[in-house]
2 protein chains.
Amino acid sequence: MTDEEKNGKQIWRDIGWIAREVNSTANREWRDEHLGDNRFIYVIRVLEHPGIGMQELATAIGVDRTTAFRAISKLVADGYLEKRDHPTQSRLKVLYPTAKSEGLKDRLFRFESDTFDAYLSNLSDTDVQTLKQLLERVRLTQLTQADDEKNVK
Amino acid sequence: MTDEEKNGKQIWRDIGWIAREVNSTANREWRDEHLGDNRFIYVIRVLEHPGIGMQELATAIGVDRTTAFRAISKLVADGYLEKRDHPTQSRLKVLYPTAKSEGLKDRLFRFESDTFDAYLSNLSDTDVQTLKQLLERVRLTQLTQADDEKNVK
DNA sequence: TCTTTCTTGTTGTATTTGCAACAAGAATAT
DNA sequence: ATATTCTTGTTGCAAATACAACAAGAAAGA
């Protein structure tokens, strides 16, 4: 085992590679519904957390808030999301799914599960659990440092 | 443990989140040297594999070849890389580091190791090994399906 | 051989992305 | 209270990204 393999370099590379790979596959899948460019992710998150704030959503997904703003604007224009004023603070906006996105809910959720399950097909159930726990700890490490993640994972 | 936690959904989300987080941190770090937008990655790969082809590099990084082409063009213009004709097939181009990028080699390599090591600080050595092996298996699963990755990992 | 397919480099183009900046309301401090 | 800082929504802008398309050489098949 070389020196290179002792540090986290390869882990980062693998994570980056897998993320890009899954992402571009998913985006191609949803392009026809105008849900490419990661927009399907926004819809999934809003379906899971109706009433979520824009900033919260951006942080959860991990994109710049201006990027999220524009993606959301497009989703609103396409009828997938509804932007409402915050019940008490009129300055804030919150997001809700529409009938259109509710209609896609099952397909979206199933897609998300099935796609990544396919990538995990070579791993045993135990391995999957281990991987999930390790990744969560890595993510939470970052959370401690940055200290800017909300409760939406 | 809910049903949701049995499938790969959260793994994908964590991978995506970590990848984005590390990436944007790294890009901010190297922006001043005009090595933002993942360009530092190209330099690292060429330093590791002098003479690598453009297509090979694009595949290894996981971006479209036209994206790689433009990033490389910029790196050549900025003096970080040199583009040469393939020794035997003049149609092909291969990439080499320059004195400028060689001079950054140590800093680049150290950065790559240190950055991700920081994200792994909460994991034991055993955990890191486990995580690395599991991720590699996930990446190789994809390789089997897509069957379009070269020998550069 | 010759034709067809594949690979590679390259450019045009529409779209997305992130950063900087600004306005305005909220929270905090003095 | 009032001044200052923080947060959020929003737009302008430069740059990157991916996809389509094209040219030209390579490889493969007939």
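In this text, all values refer to a predicted model and were calculated from it rather than measured experimentally. Proteins come first, then strands; the chains are lettered A, B, ... in the order of their sequence lines, and each starts at number 1.
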Between [atom2] of [N] and [atom1] of [X], the distance in whole Å:
X	N	atom1	atom2	result
A:Trp30	C:dT16	CH2	C1'	20 Å
B:Asn27	C:dG18	CG	P	10 Å
A:Asp32	D:dC19	CG	C1'	14 Å
B:Leu35	D:dA15	CG	C1'	15 Å
A:Asn38	D:dA18	CG	C1'	13 Å
A:His86	C:dG25	NE2	P	16 Å
B:Leu75	D:dA15	CG	C1'	14 Å
B:Asp37	C:dT16	CG	P	18 Å

With nearest nucleotide decided by heavy atoms, which residue, A:Arg39 or B:Val94, maps closer to the 5′ end of DNA chain C?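 Result: B:Val94.
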For A:Thr66 and for A:Arg91, find the nucleotide of DNA chain C with the closest heavy atom, then tell me which residue's nucleotide is more 5'.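 It is A:Thr66 whose nearest nucleotide is closer to the 5' end.
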Closest listed nucleotide, where the reference is the side chain of [X] and the choices are [options]:
X	options	answer
B:Thr67	D:dA18, C:dG9, C:dG18	D:dA18
B:Arg65	C:dA26, D:dG9, C:dG9	C:dG9
B:Phe69	C:dG9, D:dA18, C:dA21	C:dG9
B:Arg31	D:dT8, C:dC19, C:dG18	C:dC19
A:Lys74	C:dT16, D:dA16, D:dC19	C:dT16

Check the orientation of A:Phe111 and A:Phe40. Use parallel for under 30°, tilted for 30 to 60°, and perpendicular for over 60°.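 Answer is perpendicular, since the angle exceeds 60°.
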Face-on cation placement of B:Arg39 at B:Tyr80 ring, 6.0 Å and 45° thresholds: no
Please say whether the positively charged group of A:Lys9, taken as NZ for Lys or CZ for Arg, lies over the ring of B:Phe109, i.e. under 6.0 angstrom from the six-membered ring centre and within 45 degrees of the axis.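 Here A:Lys9 passes the 6.0 Å and 45° test against B:Phe109.
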Phosphate OP1/OP2 of C:dT10: any B:Lys93 side-chain N/O under 4.0 Å: yes
Looking only at heavy atoms, which two atoms of A:Ala19 and B:Gly16 are closest? And how far apart?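 Heavy-atom minimum between the residues: CB-CA, 4.2 Å.
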Side chains of A:Gln10 and A:Asp14, donor plus acceptor under 3.5 Å: yes
Classify the nucleic acid contact of A:Arg28 as base, sugar-phosphate or nothing, counting any heavy atom under 4.0 Å across all strands shown. sugar-phosphate
Identify, between A:Arg70 and B:Ser90, the residue whose nearest nucleotide on DNA chain D lies closer to the 5' end. A:Arg70
